[in-house]
Peer 1: 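Quick one: the structure is below, questions incoming.
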Amino acid sequence: MNYTLTRPRPDTPARSSLISEDTEAELSALLERRRKGYSLEGPFYTDPEIFKADMEGIFARYWIFACSIAEIPEPGDYVTFDFGPYALIVLRDDDGGVNVLHNICRHRGARVLTAESGSTGNLVCGYHSWTYAPDGTLVHASTAPGEKLDTSCFGLKKAHSRVVAGLVFVNISAEPPADFDDVIPLIEPYLEPHDISKTKVAYQQTIVEEGNWKLVMENNRECYHCDGHPELACSLFPTWGLQEGMIPPHLEEVWERNVEAKLALEARCDRYGLHHEVLEELDTRIAGFRISRESLDGAGESFSATGRRLSKKLLGSLRDFRLGRCSLHLQPNSWFHFLSDHIVTFTVFPIDVGHTIVRTTWLVADDAVEGVDYDVDELTHVWKQTNLQDKAFVELCQKGAASPFYEQGPYMDSEYQVEAFINWYTQRMREHLA
Ligand code: FES
């Protein structure tokens with residue numbers, strides 16, 4: 001037999017929609033009556049059909065953070081990850097570029113690569129050994145005598161990628177929104193001095209939170225709960241998100257320390273030519289983002305109990321350890337802290353309506369020696385503890401959202417970035433349904 005395929009676009013899904021008309025109607029009504037300044041109604045966090053709509057309307061349309069190039073430093077290195085019904089491979093090619101491929105065999109759909117990360121030449125499906133080149137081209141499939149297969153029709157489907165100062169973003173839509181390319185030149189100057197290309201992975205943690213992905217993101221966008229992070233609050237000022245005139249009495253002393261540290265940091269950044277201004281367009285553009293360089297408490301160097309450095313090696317072209325944290329938030333699934341001695345990346349991959357992966361990766365200078373220049377337990381302590389505490393907060397909220405007695409509650413002033421995230425989400429979903 002001869003096997004050919006005539007569908008012209010190898011990067012499009014075979015089915016146009018995951019959600020039913022009933023779900024569309026219900027979701028439209030929920031979005032229409034969304035109360036500004038309040039949390040979402042329960043079904044947004046608990047309804048499996050709305051989860052499908054989220055995957056289609058958000059994760060299948062917008063740029064999401066996948067990994068950094070430090071995780072795939074050599075040709076053939078790859079990482080895999082799933083989000084909702086989607087599964088991708090991010091693979092470093094021979095030219096140092098990045099290929100993004102759907103991890104779905106074009107024979108009968110098996111996962112091609114099953115490890116979370118590794119290194120490979122060709123990609124061989126474990127089921128019937130169809131073999132793909134690193135760019136996804138099908139290069140071998142066993143055939144019987146006389147049987148013909150047009151291999152050019154059955155390459156792995158491809159997705160889009162952008163590498164931004166060493167951070168790999170992917171997009172699985174046929175036509176990615178263009179304004180991400182406008183954001184790249186705004187954020188790269190903040191990140192490039194830390195030079196991810198000269199870092200290595202010191203540690204990676206993948207945890208599953210029993211909560212909807214939006215609760216995970218909401219929790220990250222405010223520090224109103226930072227009393228629940230005693231380890232983090234040693235270095236990250238818990239007044240984050242507050243403005244002059246909003247400071248509660250118990251944080252006044254911390255606020256004054258923060259103001260002093262901020263002025264000193266800005267002077268230092270100006271001396272070294274480092275960007276520190278806040279750029280914030282969380283819900284006013286499609287590629288919503290916030291970037292800033294902010295002071296840390298104590299020694300002002302890193303996420304430790306004293307604020308002192310956690311790795312002895314400075315990153316990239318930096319010349320001073322006292323540079324606080326350059327923090328980047330991006331809609332819909334990531335946040336980052338770039339410090340002088342290490343970088344922490346966070347990426348969120350939804351599993352289903354009530355489960356979400358949070359992957360945290362700590363990067364240090366590639367010439368830093370474990371046990372000499374840094375200790376992994378010390379390096380990771382603050383954010384490991386903080387992640388566990390955040391997981392517990394998210395899981396408490398997920399339980400509440402499932403109750404018939406759950407009702408939308410008001411976001412406080414210091415939670416304005418949560419409101420911005422929800423605004424961004426509801427705008428995108430309205431556009432999707434329209
Ligand atoms: Fe991959 Fe058959 S499903 S080779």
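For the single chain, residues carry numbers from 1 onward in sequence order.
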Peer 1: Has Asn99 got a side-chain atom pairing as donor or acceptor with Pro134's backbone, closer than 3.5 angstrom?
Peer 2: yes
Peer 1: Cut-off 3.5 Å, no hydrogens considered: what does the side-chain donor-acceptor table look like for residues 162-171, sequence neighbours left out?
Peer 2:
from	atom 1	to	atom 2	distance (Å)
Arg162	NE	Asp181	OD1	2.7
Arg162	NH2	Asp181	OD2	3.2
Asn171	OD1	Ser173	N	2.8
Asn171	OD1	Ser173	OG	2.6
Asn171	ND2	Arg61	O	3.0

Peer 1: Within 45° of the six-membered ring axis of Tyr203 and under 6.0 Å from that ring's centre, is NZ or CZ of Lys384 located there?
Peer 2: yes
Peer 1: Can a side-chain donor-acceptor contact be found between Arg359 and Thr347 if the only test is distance below 3.5 angstrom?
Peer 2: no
Peer 1: Consider only side-chain N and O atoms of Thr306 and Arg308, and report whether a donor and an acceptor are under 3.5 Å apart.
Peer 2: no
Peer 1: To the nearest 0.5 Å, what is the distance between CZ (Arg293) and NE2 (His276)?
Peer 2: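 Those atoms lie 9.5 Å apart.
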Peer 1: If we ignore angles and hydrogens, is there a donor and acceptor under 3.5 Å between the side chains of Tyr86 and Glu56?
Peer 2: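 No, because no side-chain N or O of Tyr86 sits under 3.5 Å from a partner of the opposite role on Glu56.
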Peer 1: With side chains defined as the heavy atoms from C-beta onward, is the minimum distance between Asp47 and Glu26 less than 4.5 Å?
Peer 2: yes
Peer 1: With salt bridge (Lys or Arg N to Asp or Glu O under 4.0 Å) as the criterion, how do Glu419 and Arg34 come out once you've worked through the C-alpha distance, each side chain's angles and the decisive distance to 0.1 Å?
Peer 2: CA-CA 12 Å; Glu419 170 68 6; Arg34 197 251 151 168; 2.9 Å; yes
Peer 1: With a 4.5 Å heavy-atom cut-off, do Ile58 and His432 have their side chains touching?
Peer 2: no
Peer 1: Looking only at side-chain N and O atoms, does Tyr406 offer a donor or acceptor that is under 3.5 Å from a partner on Ser39?
Peer 2: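 Tyr406 and Ser39 do have a side-chain donor-acceptor pair below 3.5 Å.
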Peer 1: Decide yes or no on ring-ring contact (aromatic ring centres under 6.0 Å, His included) for Phe237 and Trp255, but give the supporting numbers first.
Peer 2: CA-CA 8 Å; Phe237 286 107; Trp255 174 256; 9.1 Å; no
Peer 1: Give me the atom names and distance for the closest heavy-atom approach of Ser292 to Val278.
Peer 2: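 Reported closest heavy-atom pair: CB-CG2, 3.8 Å.
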Peer 1: Is it true that the side chains of Glu71 and Gln204 contain a donor and an acceptor less than 3.5 Å apart?
Peer 2: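 There is such a pair between these side chains.
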Peer 1: How about Asn387 and Gln205: does a side-chain donor come under 3.5 Å of a side-chain acceptor?
Peer 2: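 Side-chain D/A pair, Asn387 to Gln205: present.
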Peer 1: With sequence neighbours left out, write down each residue that passes side-chain contact (heavy atoms from CB on, under 4.5 Å) with Tyr127, or none if nothing qualifies.
Peer 2: Arg108, Ala110, Cys125
Peer 1: Go through the steps to decide whether Glu301 and Leu323 satisfy the test side-chain contact (heavy atoms from CB on, under 4.5 Å), and finish with yes or no.
Peer 2: CA-CA 6 Å; Glu301 295 179 349; Leu323 295 175; over 6 Å; no
Peer 1: Looking only at atom types and distance, does a side-chain atom of Lys214 sit under 3.5 Å from a main-chain N or O of Leu40, one as donor and one as acceptor?
Peer 2: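 It does not hold such a pair.
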Peer 1: Is the closest side-chain heavy-atom distance between Val208 and Thr356 below 4.5 Å?
Peer 2: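 A side-chain contact is absent here, since even the closest heavy-atom pair is not under 4.5 Å.
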Peer 1: Establish, from distance only, whether the side-chain atoms of Gln389 and His229 form a donor-acceptor pair under 3.5 Å.
Peer 2: yes
Peer 1: Which class fits the ring pair Tyr425 and Phe44: parallel under 30°, tilted 30 to 60°, perpendicular over 60°?
Peer 2: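 Correct class here is perpendicular.
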Peer 1: Is Glu210 close to Gln398 at the side-chain level, that is, under 4.5 Å between some pair of heavy atoms?
Peer 2: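 In short, these two side chains do not touch, never coming nearer than 4.5 Å.
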Peer 1: Is it the case that the side chains of Asp77 and Ser119 hold a donor-acceptor pair, with the cut-off being a distance below 3.5 Å and no angle test?
Peer 2: yes
Peer 1: Indicate whether any N or O donor in one side chain lies under 3.5 Å from an N or O acceptor in the other, for Asp22 and Ser20.
Peer 2: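 Side chains of Asp22 and Ser20: no pair found under 3.5 Å.
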Peer 1: Taking the basic N atoms (NZ, or NE/NH1/NH2) and the acidic carboxylate oxygens, is any pair closer than 4.0 Å for Asp135 and Lys158?
Peer 2: no
Peer 1: Can you tell me how far CZ of Arg290 sits from CH2 of Trp335, rounded to the nearest 0.5 angstrom?
Peer 2: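 Going from the CH2 atom of Trp335 to the CZ atom of Arg290 covers 15.0 Å.
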Peer 1: Assess whether side-chain hydrogen bond (donor to acceptor under 3.5 Å, both in side chains) is satisfied between Thr239 and Asn258, documenting all intermediate values.
Peer 2: CA-CA 8 Å; Thr239 47; Asn258 188 7; 3.1 Å; yes
Peer 1: So, the side chain of Arg92 versus the backbone of Ile72: is there a donor-acceptor pair under 3.5 Å, distance only?
Peer 2: yes
Peer 1: With under 30° as parallel and over 60° as perpendicular, where do the rings of Phe59 and Trp213 fit, or are they tilted in between?
Peer 2: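 Ring orientation, 0 to 90° scale: perpendicular.
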Peer 1: Do Asn333 and Phe65 have side chains that get closer than 4.5 Å, going by heavy atoms?
Peer 2: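 Of all side-chain heavy-atom pairs linking Phe65 with Asn333, at least one is under 4.5 Å.
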Peer 1: I'd like to know if the side chain of Asn103 reaches the main chain of Leu113, judged simply by a donor and an acceptor atom lying under 3.5 Å from each other, with no hydrogens or angles considered.
Peer 2: yes
Peer 1: Pairing donors with acceptors under 3.5 angstrom, does anything connect the side chains of Tyr38 and Glu407?
Peer 2: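 Judged by distance alone, the side chains do not pair up.
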Peer 1: If we ignore angles and hydrogens, is there a donor and acceptor under 3.5 Å between the side chains of His225 and Asp390?
Peer 2: yes
Peer 1: Taking atom types as modelled, find out whether Arg221 and Gln331 have a side-chain donor-acceptor pair closer than 3.5 angstrom.
Peer 2: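 On atom types as modelled, these side chains qualify, holding a pair under 3.5 Å.
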Peer 1: Taking side chain as C-beta onward, heavy atoms only, is Val100 less than 4.5 Å from Val98?
Peer 2: yes
Peer 1: Any carboxylate oxygen within less than 4.0 angstrom of a Lys/Arg side-chain nitrogen, looking at Glu266 and Lys262?
Peer 2: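 Salt bridge: yes.
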Peer 1: Are any of the side-chain heavy atoms of Asp341 and Phe321 separated by less than 4.5 Å?
Peer 2: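 The answer is yes, as the side chains (C-beta and beyond) meet within the 4.5 Å cut-off.
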Peer 1: Could you check if a side-chain atom of Arg257 sits within less than 4.5 angstrom of a side-chain atom of Asp297, using non-hydrogen atoms only?
Peer 2: yes
Peer 1: Evaluate the ring planes of Phe303 and His337, with Trp represented by its six-membered ring, and classify them as parallel (under 30°), tilted (30 to 60°) or perpendicular (over 60°).
Peer 2: perpendicular
